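Structure, as structure tokens:
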Amino acid sequence: MPELSIENLHVYRGEQHVLRGLNAQVSAGQCLQITGENGAGKTTLLRVLCGLLPAESLQLTWRGRVCSPQDAEYHQGLSYLSHAAPLKADLTGWENLRFLLSLRGVWQAERVGALLERLGARRFADRPVRSLSAGQRRRLALVGLVASQSQLWLLDEPTTNLDSAGTRLVTELLSEHLERGGLAMVATHVSLDIAPSALQSLHLTSGDGARRVA
Amino acid sequence: MPELSIENLHVYRGEQHVLRGLNAQVSAGQCLQITGENGAGKTTLLRVLCGLLPAESLQLTWRGRVCSPQDAEYHQGLSYLSHAAPLKADLTGWENLRFLLSLRGVWQAERVGALLERLGARRFADRPVRSLSAGQRRRLALVGLVASQSQLWLLDEPTTNLDSAGTRLVTELLSEHLERGGLAMVATHVSLDIAPSALQSLHLTSGDGARRVA
Amino acid sequence: MSEGLHTQEVSRDTRLLPKCAAIVVRDLQLLVRRPGQMLQILGFFVVVTVLFPLGYSPELGKLRLIAPGVLWVGALLASLLALEGLFRDDAEDGTLEQWLLCGQPLAALLLAKTAVHWLLTGLPLTVLAPLLAVTLGVSIEAAPGILLALGLGTLALSLIGSIAAGLTLGLRRGGVLLSLLSLPLAVPVLIFGARATELVIQGDSPTAALYLLASLVVLAITLAPLAAAAAVRIGLE
Amino acid sequence: MSEGLHTQEVSRDTRLLPKCAAIVVRDLQLLVRRPGQMLQILGFFVVVTVLFPLGYSPELGKLRLIAPGVLWVGALLASLLALEGLFRDDAEDGTLEQWLLCGQPLAALLLAKTAVHWLLTGLPLTVLAPLLAVTLGVSIEAAPGILLALGLGTLALSLIGSIAAGLTLGLRRGGVLLSLLSLPLAVPVLIFGARATELVIQGDSPTAALYLLASLVVLAITLAPLAAAAAVRIGLE
Amino acid sequence: MGWAWFHRFGSPPHLYRLAGTLTPWFAWPAAILIVGALYLGLFVAPPDYQQGDGFRIIYVHAPSAWLAVMIYAVMAIAAGVGLIWRMKVAHAVAVSCAGVGAWFTAVSLVTGMLWGKPMWGTYWVWDPRLTAQLVLLFLFLGYMGLRSGIEDLGRADRASAVLALVGVINLPIIRYSVEWWNSIHQAPSVMKMDQPSMPMEMLAPLLMMLLGFSLYFGAVLLVRVRAEILRRERSAAWIREVLS
Ligand code: HEM
Ligand SMILES: Nc1ncnc2c1ncn2[C@@H]1O[C@H](COP(=O)(O)OP(=O)(O)OP(=O)(O)O)[C@@H](O)[C@H]1O
Ligand SMILES: Nc1ncnc2c1ncn2[C@@H]1O[C@H](COP(=O)(O)OP(=O)(O)OP(=O)(O)O)[C@@H](O)[C@H]1O
Ligand SMILES: [Mg+2]
Ligand SMILES: [Mg+2]
């Protein structure tokens, strides 16, 4: 039984009927890779699933229960990583993470410390985010993602701005997440280096609904 | 003789000595790929060369003449594409390009029309940029880059947000630019699919100056 | 790996108060990082109050008469200016999105945010007001009354402004529109406030006007966070 | 490929005027896209002018006395608020960088930008002022004098504000700081302007004060763009 | 019965056709009533014993002032329906109200000012009632300003609906709060409707005018709603059917 099921999703943006009757299921331990050319609607799909954009119609089932994408309970099991890293420029990386994770009620200093180490972010975690490079910010955001221990990850181009080591780390973290029974939906243009059994793919074509590929 | 030569470049950002005594030369028809892990100083290097960031010390030679990175004449031969596409969200793509290119004195409607076609951007060139996806904006910025017909291109991660077709287009445009005798410095984490004879590479390592690789 | 267990197993702190506390702590940190923000608001208040005599008349006798108007208009404008950044900064860097996704009632989080905002701008404005009143020829005895009136007034303004701040989130430069939208709601506060201050300056009892102000505050606390939450959701789309 | 020739061969229009024209055209386009911007500034001006009677007194006889102060403080605040976005929007979306890289004197481009900004905000404010003056009990005969004084005054304020707008570019919410920075320079404008308006309202000749205002404008046109260009370069770093 | 009528009403094609059919039923009576009231008011009603013929401006002033408030209420109700039941045509109705409402408010202000000059010797007085009307104009303008600032239609609809609803709380507050204001202004005695002294010849045209204005508002609203629906549904299939 799929943990997450999306049925009959229609979304308009402005005049455009961006997603037309999209259906998708993701089970525990599965990653759904969302591909599609620029403007196909990947970002739109993820933001609708977070409840940040309104859908024209959508039937969402999460853990066997029908729910709205704005339900608090559903949000508690979900983490969203957008195009831009959600960090305050005036705070340090550490302070940012502390706030973000406290807000979700999962702040644990040691765990975050270990994750910073692993993502090579400890070095600059005490500097204000304002003075970090694009890739460094991205790494902090990834620490926040993993540390929030959500079951469902919604990632929008998670490898942007990352160097090759960083890109490898992302796939590693993703694999581990799936092994632990997590779910992920990842919009990306690069191919993900994940066990094929755990990987599904959804190809969006501009405005014409979605084709299921694998 | 190199068209562009950079000698003894030192840059501080905040406390950090990001670039220490960097030297580089680029000749006509050559592309210098700048690599380096996150935070190595790629963006910093490009912005210093545009005169947008001050350098501690820098000897810049352009077309055989020593100049400052803030010289008007040097700027007329240069185009910079930053992390974010320089577009006004309230104007359409077409209006944006018209303004950008008028500012450089190279506005020609047919040429821009042809380029829009080639980059698959004609479809959305009449929509306000606000309503475009990340990759669509990027494509518009690329049109502006090519249409400004500068000899020196400074590109910061030009393939970000682009789908695979878009990435291929970038390398194509770059190759053509080099064939016409252009110069390019490209900061990127992906490998560029360019004739090896035209490609040089500069690897930056965090704070330790630069190593020349090929 | 030990870094992640899943929601079913993860012990998650679901209480609301620690989250509000986290917001307060973060905003205080931000203030320490850039105290300029608060000082600028105060500076603006001082400047408006000082400009007025420049454009009008230097006589204290005349100034005393216009003191309530000047103080209140100054405080109102300063509060509205300060409110522009209430949610905008957080929206622009993407952190506000995370508030919506944290599974807590948004209205409560926004109320916490508005409250700390008032503490950092409205309260200092209030404390400054009696001093400025003195430069306008008002006697220092009027201080307690002025403090009370402005304290209540700025609190109500912050709450009212939070709705407008949410509504103008999607706009690039919402500042001016924010003032315009808040104004119809702010007029009663201004009228009662100025009335109370005038009575205080004349040495009369302002109790009735203060009660009305206080009831406006209570009304605003009940309704404004809900409206602000709805507005923020729409503004972030 | 025919799409690109190189600089040596490319025919590049190097005249300055067409670039300034491009800036003017673009800003008009932006205004057409969002007329709200201009209307909001006007709305703010109206609102400030309306606030004073609310906070002060409804008697026209009293209001007429404070009219010059109210009009000028209102116009000053509205101009300063409008100025906040002068370069900020362009800096945030990265288009201002391209101005620095286009190989033209930045000061000239910024002057064009400031001029069109005044046309779209300062001038409408000026036109509105006599109407507002009427609601404050000033007779309509004073209109020409008020128009002239405020026209010159807002122009000077726009130019002065452009310096501060450049300086505050690097800051997140420069608005309030911008007001503070501009104020020392704006005070002479305010004083002469309010004086001229007062004389006009009383039916006297404001010529001397107007000459002084005009010379401030000339001074500002000469110096402000250079200072603004330097400020923008620093602000963008 | 149930909610069927509600959904039927909420369907754009249906409302579009309904509005088309109803428009003449509002427009013609409105025209007749307004012309009749003007005739009665300007020529038949006796001049006021104090103000002479100056009082006749009331026939435009008072009805437009009442209508302005009524239109705000209609707008807020429509906005609320649109927000709560996610009904798009309700938003279309709300949007269509704003312009007319602002217009009537402005008319009442301008006619009031013109009347004020002969009556009070000045165009403007900071009287509570006048201030309340001015604030109402701000509400309308703020509503339109907010809409003009938001590109996306759906978002503009919802954001402006929240504003319209918040503004409703404001109406009674302003009404009562202004009583507290330190106005030294003597309440103008003419501005009392309940005086039995107003003769029938004066009152009848006033009421006729009010009804006429209301019907006129209805007609304008229907036309604007139609235009708004056309604009919103321009890509829908039924529009092509209607237009061809
Ligand atoms: C700009 C100036 C004015 C404004 C904004 C204004 C506003 C209003 C408003 C809002 C109403 C509706 C009252 C209600 O719903 O309770 C009204 C009605 C009325 N106004 Fe005015 N008014 C102005 C000037 C005047 C003047 C100068 C006169 C005559 C001396 C006048 C006489 C009346 C009368 C007779 C009514 C109808 C009866 C009533 O409701 O009292 N108004 N006005
Ligand atoms: N405004 C700033 N103040 C202080 N230090 C800064 C600032 N911006 C960047 N740095 C530091 O300068 C170094 C170089 O940053 P830069 O942005 O050039 O890196 P980059 O190579 O472009 O990295 P990325 O691949 O992540 O984009 C980094 O260590 C960064 O932390
Ligand atoms: N605010 C908006 N208003 C109207 N249309 C929009 C808006 N944002 C996006 N769109 C349109 O919706 C479509 C989907 O956009 P979306 O951002 O989801 O694409 P994407 O698949 O994420 O593309 P990319 O790979 O470029 O990030 C695009 O055609 C885009 O132009
Ligand atoms: Mg995207
Ligand atoms: Mg970089």
Side-chain angles (χ1 to χ4, degrees), chain B residues 28 47 50-54 63 70-92 95-96 98-108 111-112 114-115 118 128-130 141 144 146-152 154 173 176-177 179-183, chain D residues 1-37 85 89-109 112-113 170 229-230 232-237:
Chain B
R47 290 182 74 85
C50 291
L52 293 171
L53 274 181
R63 295 191 184 148
Q70 303 202 330
D71 280 356
E73 213 182 320
Y74 166 66
H75 281 166
Q76 281 169 3
L78 162 167
S79 283
Y80 169 58
L81 190 64
S82 65
H83 269 292
L87 302 166
K88 292 225 71 81
D90 287 326
L91 297 181
T92 65
E95 287 162 347
N96 263 300
R98 179 183 196 122
F99 172 68
L100 255 165
L101 296 172
S102 302
L103 209 56
R104 305 188 63 96
V106 289
W107 168 253
Q108 278 165 296
R111 187 194 298 276
V112 172
L115 278 167
R118 177 147 185 226
V129 168
R130 179 179 301 291
V146 179
S148 57
Q149 298 168 280
S150 308
Q151 199 188 357
L152 175 58
L154 301 175
L173 291 171
E176 285 164 19
H177 173 67
E179 272 163 32
R180 283 192 306 266
L183 284 70
Chain D
M1 287 304 306
S2 67
E3 280 137 14
L5 300 157
H6 277 310
T7 331
Q8 297 94 326
E9 315 123 53
V10 170
S11 77
R12 212 174 266 280
D13 183 351
T14 53
R15 287 167 306 155
L16 177 58
L17 267 184
K19 274 92 187 186
C20 294
I23 291 176
V24 173
V25 168
R26 188 201 65 156
D27 279 11
L28 290 176
Q29 276 175 333
L30 281 171
L31 178 79
V32 172
R33 229 35 66 78
R34 344 203 102 203
Q37 206 56 53
D89 287 355
D90 287 341
E92 275 174 4
D93 55 25
T95 49
L96 194 55
E97 271 173 26
Q98 300 291 333
W99 297 33
L100 267 77
L101 298 180
C102 77
Q104 298 293 333
L106 185 59
L109 301 180
K113 169 93 189 164
V232 163
R233 276 186 202 286
I234 297 166
L236 272 191
E237 259 170 31

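Here is how names work: the chains are called A, B, and so on, in the same order as the sequence lines, proteins then strands, and each is numbered from 1. All values below were derived from every heavy atom in this structure, side-chain atoms included, with hydrogens, water molecules and symmetry-related copies excluded. Given the structure is predicted, the values throughout are model-derived calculations rather than measurements.
- Of the two parts of B:Gln108, neither the backbone nor the side chain holds a non-hydrogen atom closer than 4.5 Å to a non-hydrogen atom of chain D.
- Contacts of B:Glu73 classified as salt bridge (Lys or Arg N to Asp or Glu O under 4.0 Å), with partners at least two apart in sequence or in another chain: B:Arg65.
- Closest heavy-atom contact between B:Arg104 and D:Leu101: NH1-O, 3.2 Å.
- Interface summary for chain D: among B:Ser82, B:Ala84, B:Pro54, the most heavy-atom pairs under 4.5 angstrom belong to B:Pro54.
- For the salt bridge (Lys or Arg N to Asp or Glu O under 4.0 Å) condition, the pairs that include at least one residue of residues 20-32 of chain D, sequence neighbours left out, are D:Arg26-D:Asp90, D:Asp27-D:Lys113.
- In terms of heavy-atom proximity, B:Tyr80 sits nearest to D:Gln98 at O-NE2, 3.2 Å.
- Only the side chain of B:Arg47 comes within less than 4.5 Å of a heavy atom in chain D; its backbone stays farther off.
- The nearest pair of heavy atoms linking B:Pro86 to D:Gly94 is CB-O, 3.4 Å.
- Taking every heavy atom of both residues into account, B:Lys88 and D:Asp93 meet most closely at NZ-OD2, 2.8 Å.
- Of the two parts of D:Arg15, neither the backbone nor the side chain holds a non-hydrogen atom closer than 4.5 Å to a non-hydrogen atom of chain B.
- When heavy atoms are compared at a cutoff of 4.5 Å, B:Leu87 approaches chain D solely by way of its backbone atoms N, CA, C and O.
- Atom CG of B:Leu91 is separated from atom CG of D:Leu30 by 4.0 Å, given to the nearest 0.5 angstrom.
- In this structure, the portions of D:Ile23 lying under 4.5 Å from any heavy atom of chain B include both its backbone and its side chain.
- When all heavy atoms are compared, the tightest approach of B:Leu103 to D:Gln104 is O-CG, 4.4 Å.
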